Amino acid sequence: MDDTPAPGHNKQYTDEEEQLLTVLKLSGLSWREIETEYNKSVPTDRQRTASALENKWRQLFRQFTNDSTTQFMLC
């Protein structure tokens with residue numbers, strides 16, 4: 001079996017994985033550092049590449065900003 005992290009597009013992120021990614025990103029690490037720390041914290045079959053993590057972060061950030069804008073407009 002290949003130990004290279006899967007690109008990530010073929011499996012959903014759990015809530016815990018999204019939280020881990022958020023904490024790591026907000027700590028100021030580089031994407032390579034985030035990849036290393038993230039993959040230390042998840043099982044081998046849940047590991048991700050730096051590129052997959054960055055793409056997921058962008059998706060989460062867009063979702064957050066869209067939700068925040070919507071909530072602000074509703075107030």
Side-chain angles (χ1 to χ4, degrees):
M1 183 174 189
D2 186 7
D3 287 338
T4 304
H9 68 274
N10 59 348
K11 56 187 168 257
Q12 296 291 318
Y13 283 73
T14 65
D15 290 342
E16 292 80 13
E17 290 169 339
E18 289 181 357
Q19 290 173 354
L20 174 60
L21 174 56
T22 300
V23 167
L24 292 172
K25 177 59 181 163
L26 295 177
S27 71
L29 298 174
S30 72
W31 286 112
R32 287 288 171 206
E33 293 168 324
I34 291 170
E35 175 187 30
T36 299
E37 293 305 314
Y38 181 94
N39 289 336
K40 284 181 187 177
S41 302
V42 298
T44 303
D45 68 331
R46 303 296 302 169
Q47 293 184 349
R48 315 285 180 147
T49 63
S51 178
L53 293 166
E54 185 174 1
N55 288 337
K56 182 61 177 180
W57 172 253
R58 288 180 180 163
Q59 177 192 24
L60 290 171
F61 186 76
R62 278 194 307 268
Q63 181 181 355
F64 174 76
T65 56
N66 287 341
D67 288 350
S68 295
T69 302
T70 301
Q71 289 175 359
F72 176 75
M73 291 171 62
L74 294 175
C75 292

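Here the structure is a predicted model, which means the values were calculated and not measured.
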Inter-residue atom distance Y38.OH - L29.CG, 0.5 Å rounding
14.5 Å
L60 CG to R58 CZ distance, which is reported to the nearest 0.5 Å
12.5 Å
Please enumerate all residues that pass side chain to side chain contact (heavy atoms under 4.5 Å, CB included) together with T36, with sequence neighbours excluded.
K40
Of all pairs that satisfy salt bridge (Lys or Arg N to Asp or Glu O under 4.0 Å), the ones with a partner from residues 12-23, not counting sequence neighbours
E17-R46, E17-R48, E18-K56
So K25 and W31, do their side chains get closer than 4.5 Å, heavy atoms only?
yes
Roughly how far, to the nearest 0.5 Å, is the CG atom of L21 from the CD atom of E37?
13.0 Å
Under the side chain to side chain donor-acceptor pair (under 3.5 Å) test, residues paired with R62 that sit two or more places apart:
none
Return the minimal non-hydrogen interatomic distance between E35 and T49, and the atom names on each side.
OE2-CA, 3.5 Å
Tell me, please, which residues at least two apart from S30 pass side chain to side chain contact (heavy atoms under 4.5 Å, CB included).
R32, E33
To the nearest 0.5 Å, atom CG of N39 lies from atom CG of L53 at 6.5 Å
According to a hydrophobic-cluster definition based on side-chain heavy atoms being under 4.5 Å apart (Ile, Leu, Val, Met, Phe, Trp, Tyr only), do V23 and L26 belong together?
no
Treat each ILVMFWY residue as a node, draw an edge where side-chain heavy atoms are under 4.5 Å apart, and state whether I34 and F61 are in one component.
yes
